[in-house]
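Inspection log for the structure reproduced underneath, given as structure tokens.
Predicted model only: the values in this text are computed from it and were never measured. We name chains A, B, ... by the order of the sequence lines, and we start the count at 1 in each one.
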Protein chains: 2
Amino acid sequence: MSNCTQCIMKRFNALKTLTHDELERFSDHKTSLIIKKGENIMTEGNSINGLYCIQDGKCKLTKLNTNGKEQIIKFIKGGDILGHRSILSEEPVGLNATALEDMRVCFIPKGDILDSIKDNPQFSLNLIKNISLQLSHANTSISQMAQKPVKDRLAETLLSLEEIFGVDNEDCIDVILTREEIANTIGTATESAIRLLSNLKKDGVIDLLGKKIKILNKNALKNISEGY
Amino acid sequence: MSNCTQCIMKRFNALKTLTHDELERFSDHKTSLIIKKGENIMTEGNSINGLYCIQDGKCKLTKLNTNGKEQIIKFIKGGDILGHRSILSEEPVGLNATALEDMRVCFIPKGDILDSIKDNPQFSLNLIKNISLQLSHANTSISQMAQKPVKDRLAETLLSLEEIFGVDNEDCIDVILTREEIANTIGTATESAIRLLSNLKKDGVIDLLGKKIKILNKNALKNISEGY
DNA sequence: AAAGATAAATGATAAATATCATAATTAGAA
DNA sequence: TTCTAATTATGATATTTATCATTTATCTTT
């Protein structure tokens, strides 16, 4: 099994300040998991006894509304970590993490994480910063959901998807989402999302190649996202 | 000037695990401020060099949208703390904190806070839990903004305002907000908020006494907030 | 108490968005 | 491959929400 001290993913997340010894300890206790597309890494309301470090693959963080609708809160990719909020706050998991494609994930038991939090203030601080940043993004999101029209939110979301996942060799945003998932991200009906995507294509701002989306005019999208 | 070791507010927030010595240190360095209605305690984008502990009075945390509209993210009252997120993440303040009435506030310099974070893991953990809980609430809020109609969000907001501020001696929600502020909380036009409040009054669910709002049928409101 | 300013209320209308229906396309399974 | 189911697309319509206009009420200041 791979060794945490060698793992390239640790460079991208809050684990980067861990010492060699700490990473050895993680390595000894960690388990590697394969999560198939559609399966959950974590489930809303469940308790959790460790931290997940994403090696490879993408997932969505969702919340099920009282009316049964799914809201996508955030996207996760390789290098991200999951579950630290729940470990730190000693609360159940708040969101579902559902694989958008097959994933490779490492699970590090809670005990090791808590040990490192005690021993390594910088690690602790990095986790806090991570959560802080999420809160900051969430507040921005509230404001946009509340006040921006659907079209603006769609433009914003497309830009942010390209930011997060980058583009493939055909310059398409490198994640495959259903129209329903796009709708559940921006908070609208699936048909509305489809319609607005079609309009953006008609206007030459994006191109649609099956489920793949290519941004043709980033500036135009940015303007739309800001209401122009 | 009052002494932190005696302060009743410390019982209600993350400061409750501080030792007597730590509180003495806070007491020596703290400053007390009066913030008049309409003034800002913190301003979006500014940096901050300490933590605010609210003694008395209420404020709103807002975000200014790119279109110039104000979104109210959260309400704050006596016993709450402000600024810890910014201190911990070493980022500028993300939200405006604007007094809804005259306030008494204590300011504790950053250095003392950081010392206590180093010395007192439980204090540190409490701050993390506080931010964690805020993140959890924010995620719920995103979901509701995105998927619930305005009427449901208004009902939800009224219940939550009563939860936060309690009721006065006439059973009215104990905070005075303009209709515009209510609209900016639920993310709608002022006229829409006014109209929906009038409807709720007509249906006997709430009573409107000037700016004061009295919840008459909490169950009905809860049902409305869940879409029934 | 009166005057002016601000906020609240309400009606009329327009715009945004959701819903329902149905066709076209795509993906997945036998 | 071929069939079936799911997804995407699009039109028609209904509903929700915003905007504009105007009136009424409330608050401030003198």
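Here the C1' atom of nucleotide C:dT6 and the CD1 atom of B:Ile194 are 12 Å apart, to the nearest Å. Distance CG (B:Leu177) to P (C:dT6): 20 Å, rounded to an integer number of Å. Per the geometry, CD belonging to A:Glu191 stands 12 Å off C1' belonging to C:dT22, to the nearest Å. Between the CG atom of B:Leu197 and the C1' atom of C:dA9 there is a distance of 11 Å, given to the nearest Å. Atom pair A:Arg195:CZ and C:dA21:C1' shows a separation of 11 Å (rounding to whole Å applied). Rounded to whole Å, atom C1' of C:dT17 lies 14 Å from atom CG of A:Leu154. Put simply, CG on A:Leu200 is 15 Å from C1' on D:dA9, counting in whole angstrom units. For A:Ile182 and C:dT17, the CD1 to P distance is 17 Å, given to the nearest whole Å.
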Acceptor/donor pairs from residues 132-141 of chain B side chains to any protein atom, 3.5 angstrom cut, sequence neighbours excluded:
from, atom 1, to, atom 2, distance (Å)
B:Gln134, NE2, B:Asn130, OD1, 2.9
B:Thr140, OG1, B:Ser136, O, 3.1

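Nucleic acid contact class of A:Thr188 (heavy atoms, under 4.0 Å, all strands): sugar-phosphate only.
In this structure, the helix from C:dA1-D:dT30 to C:dA30-D:dT1 shows an angle of 50° between the axis at its start and the axis at its end, each fitted on 5 base pairs and rounded to 10°.
For a distance-only test at 3.5 Å, the side chain of B:Arg179 fails to qualify as a donor-acceptor partner of the base of C:dT10.
For D:dT26, neither phosphate oxygen OP1 nor OP2 lies less than 4.0 angstrom from any side-chain nitrogen or oxygen of B:Lys211. Between D:dA9 and A:Ser198, no contact under 4.0 Å exists linking OP1 or OP2 to a side-chain N or O. Residue A:Ser192 has a polar side-chain atom (N or O) positioned under 4.0 Å from OP1 or OP2 of C:dA18.
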### Query
What do the steps show when you test A:Asp152 against A:Ser225 for side-chain hydrogen bond (donor to acceptor under 3.5 Å, both in side chains), and what is the final call?
CA-CA 4 Å; A:Asp152 304 25; A:Ser225 82; over 6 Å; no
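A salt bridge links B:Glu181 to B:Lys60: one of the charged nitrogens lies within less than 4.0 Å of a carboxylate oxygen. Looking at A:Glu70 and A:Lys63, no side-chain N of the basic residue comes within less than 4.0 Å of a carboxylate O on the acidic one, giving no salt bridge. The pair A:Glu101-A:Lys37 does not meet the salt-bridge criterion, since no charged nitrogen lies less than 4.0 angstrom from a carboxylate oxygen. The pair A:Glu91-B:Lys129 does not count as a salt bridge, with every side-chain nitrogen at least 4.0 angstrom from each carboxylate oxygen.
Ring planes of A:Tyr52 and A:Phe107: tilted class, angle from 30 to 60°.
Nearest-nucleotide assignment on DNA chain D puts the 5′-proximal partner with A:Gly210, out of B:Lys148 and A:Gly210. When each of B:Leu208 and A:Lys69 is assigned the nucleotide of DNA chain C with its nearest heavy atom, B:Leu208 is the one assigned upstream, toward the 5' end.
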